[in-house]
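Worksheet for the structure shown next.
Remember, predicted model here, so these are calculated numbers, not experimental data. In what follows, residues are counted from 1 in the order of the sequence shown.
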Amino acid sequence: MSGFWIDTDRAESVTASWARRGDGWFRAQFDLEGDLARLELLTEGSWALHSLAAASTQLWVTASFVRLVAQRAESADGFDLADPATTAALLRNAAGSTSSLLAGACATSWAAFSFSSRFGDSDETFDVDVRSPYSVTGATASERGRRLVMRALADTSDAAQIRPDEFELVQLSSGSYLVVLPGVTDLSSPDLGLDDRHRSVRDLDRFAYASSRSASVADNVYAQMVWGGLLAAGVPGGARLMIVGHSYGADTALDLAADDRFNGSAGFDVTHVVAAGYHSQPQLASVARSTEVLVLQNDRDAAVIVEGVGSGHVTGVIDEGKGLVDSVIDLDPLGVLGHLGGVARHEFGVAVDGVAGLARKSDALVEVSAGLAAGRPDAVVDGVDDLFTLKTGTQRVTDRQIVDVFDGGPRGWGHHPANYVNHVDETIDPDVISFFASVDAAGYATSGTALAVDVSVSRTR
């Protein structure tokens with residue numbers, strides 16, 4: 001037996017400090033690039049940007065390597081750090097062995113890196129960059145699972161961790177993989193067509209709208225590119241995957257889980273999905289029975305409501321909804337009633353679980369009408385708020401599928417991932433807690449190397 005010894009508690013503390021320092025350098029790179037762009041000095045500052053990227057990547061990989069060493073020391077008798085083959089394997093794993101570029105580079109140096117612009121890159125499809133690593137701790141299985149879900153959901157809104165033309169792939173020390181899928185890049189500022197700078201597949205009008213009308217990978221280009229990205233990154237067939245998605249990413253996560261070529265014997269083993277901020281109920285029947293699914297919906301998430309009540313008429317509902325709000329602000333009774341009729345014509349409240357139809361929202365309609373008649377904007381706003389609020393509660397659709405509609409925060413019209421992170425942090429629902437425990441039992445709530453995979457759309461498409 002080797003005489004190798006390591007203080008694992010001290011190793012965790014030190015590597016956490018290294019990872020935080022790497023995060024700081026990386027965010028300095030992110031902020032510096034923004035400053036240089038505003039000053040039109042990007043070319044002059046490129047050396048500083050690349051140096052910061054190299055430093056943060058090197059420190060992250062070093063932290064991941066030491067964590068892997070500590071885990072091996074705890075779990076395996078006869079571990080020999082002096083063995084070159086063992087050390088090389090751990091180094092490749094720390095740098096993301098799913099990337100042939102990184103794996104090859106680690107034979108001679110501890111980390112390879114490539115500079116990725118904060119604005120995205122339009123011509124680097126399926127390129128892989130190292131990002132801030134995962135390290136999940138907790139006293140109980142459910143607490144560890146909870147923290148993993150929180151970290152993944154937080155990453156979906158972290159523009160430094162996942163750029164507008166990327167998704168996140170985490171190679172976990174357990175041998176499984178976590179796939180993190182953010183939503184559209186242009187929801188708050190719609191822009192017709194692909195963005196000229198990054199050509200991200202996470203585009204609202206080009207790809208997300210078409211996908212919203214089906215549960216098929218054939219209609220979801222984002223799902224197709226995630227699938228291609230996993231293959232290009234070297235994720236082996238049959239690998240166990242957990243997918244966490246927000247908004248269009250949630251739609252994509254369930255489309256992939258519902259495809260028996262992807263989630264099946266010829267593809268991967270999708271054991272867990274967390275779908276947040278999307279009207280996911282119509283997709284659940286198509287998902288493999290072996291996959292554990294947690295659907296999270298903020299009852300005030302405007303995007304979820306529009307997706308549900310629109311039922312394929314998203315554009316019409318958005319247009320009518322905007323007109324409705326304008327009429328409320330102007331205290332225009334005829335305008336309000338007209339736009340409410342328009343919303344109804346675009347299938348408001350039809351075939352959506354948890355959203356009552358207009359006929360069942362009579363109290364809210366009375367409140368809106370009374371507020372208009374009395375010239376009371378507060379009553380009008382309260383009534384409209386009731387119209388656009390989901391019914392809260394947790395439902396077990398099957399023994400492996402949970403839909404959790406919660407009373408959440410208002411940030412970003414209820415759609416921002418922070419609302420979902422806060423709920424995951426605070427929930428005490430036993431079914432949801434049980435899901436968190438199953439995440440840990442499946443080996444996902446552990447440390448891992450985070451990689452960003454580019455999904456820029458080819459100019460030939």
Side-chain angles (χ1 to χ4, degrees), residues 6-23 60 63-76 93-94 131-158 161-162 168-180 240-246 253 270-276 291-296 394 400 402 404 406 408-409 417-450:
I6 185 172
D7 184 334
T8 54
D9 291 336
R10 177 62 176 164
E12 175 58 35
S13 174
V14 169
T15 55
S17 175
W18 291 348
R20 287 194 298 269
R21 191 170 301 170
D23 293 349
W60 287 334
S64 294
F65 172 73
V66 174
R67 283 171 177 160
L68 289 171
V69 169
Q71 290 171 4
R72 287 290 297 271
E74 282 186 318
S75 62
N93 196 11
R131 295 290 160 80
S132 181
Y134 273 56
S135 180
V136 178
T137 59
T140 65
S142 61
E143 188 62 24
R144 292 188 293 272
R146 183 198 301 267
R147 291 182 182 277
L148 179 85
V149 174
M150 288 174 62
R151 165 68 194 269
L153 286 174
D155 280 359
T156 65
S157 64
D158 186 344
Q161 184 76 0
I162 308 177
E168 184 174 63
L169 171 64
V170 186
Q171 179 179 311
L172 298 163
S173 60
S174 63
S176 298
Y177 296 84
L178 171 67
V179 180
V180 181
R240 289 163 57 84
L241 305 182
M242 175 175 176
I243 310 179
V244 177
H246 174 261
V270 182
T271 67
H272 289 73
V273 172
V274 176
T291 301
E292 301 264 2
V293 179
L294 173 62
V295 173
L296 297 172
T394 302
R400 291 181 176 268
I402 304 166
D404 178 14
F406 59 92
N419 301 310
Y420 289 88
V421 173
N422 290 339
H423 172 66
V424 170
D425 187 27
E426 297 169 357
T427 183
I428 58 173
D429 185 277
D431 285 335
V432 179
I433 298 299
S434 176
F435 178 89
F436 295 154
S438 75
V439 168
D440 180 75
Y444 296 107
T446 183
S447 64
T449 298

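- In this structure a side-chain-to-backbone donor-acceptor pair under 3.5 Å is present from N422 to A418.
- Remark: side-chain polar atoms of R131 are not paired, donor with acceptor, to backbone N or O of A450 under 3.5 angstrom.
- Of all heavy-atom pairs between T449 and A94, the closest is OG1-O, 2.8 Å.
- Closest non-hydrogen pair, A11 versus V66, comes out as CB-CG1, 4.1 Å.
- Panel note: side chain T427, backbone H423; no donor-acceptor pair is recorded below 3.5 Å.
- Between L68 and Q71 the shortest side-chain heavy-atom distance falls below 4.5 Å.
- Here the side chains of R144 and T446 are not in contact, with every heavy-atom distance at 4.5 Å or above.
- A donor-acceptor pair under 3.5 Å is formed between the side chain of S64 and the backbone N or O of W60.
- Under a 3.5 Å cut-off, the side chain of T271 and the backbone N or O of R240 do not form any donor-acceptor pair.
- If you take CZ on R147 and CG on D425, they are separated by 7.5 Å, rounding to the nearest 0.5 Å.
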Next item on the list: Show your working on side chain to side chain donor-acceptor pair (under 3.5 Å) between S447 and R67 and close with a plain yes or no.
Entry: CA-CA 8 Å; S447 64; R67 283 171 177 160; 6.0 Å; no
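- In this structure, the side chains of M242 and L148 come closer than 4.5 Å at one or more pairs of heavy atoms.
- Nearest heavy-atom pair across A445 and D440 is CB-OD1, 3.5 Å.
- Contact detail for A276 and Y420: the closest heavy-atom pair is CB-CD2, 3.8 Å.
- Using cut-offs of 30° and 60° on the angle between ring planes, the pair F435 and H272 is perpendicular.
- For D431 and T394, the side-chain atoms include no donor-acceptor pair closer than 3.5 Å.
- A donor-acceptor pair under 3.5 Å is formed between the side chain of Y444 and the backbone N or O of L241.
- By the 4.5 Å heavy-atom criterion applied to side chains, E292 and I402 are not counted as neighbours.
- Using a 4.5 Å heavy-atom threshold, the side chains of E168 and Y134 count as touching.
- The minimum heavy-atom distance between G443 and S174, with the atom names listed, is O-OG, 2.7 Å.
- Here the options are V295, V432, V424, the test is side chain to side chain contact (heavy atoms under 4.5 Å, CB included), and the partner is D404; only V432 passes.
- Rounding to the nearest 0.5 Å places CD1 of I428 at 12.5 Å from OG of S142.
- Minimum interatomic distance between A152 and V180 (heavy atoms only, all atoms of both residues): O-CG1, 3.4 Å.
- A distance-only check finds a donor-acceptor pair linking the side chain of T156 to the backbone of L153 [under 3.5 Å].
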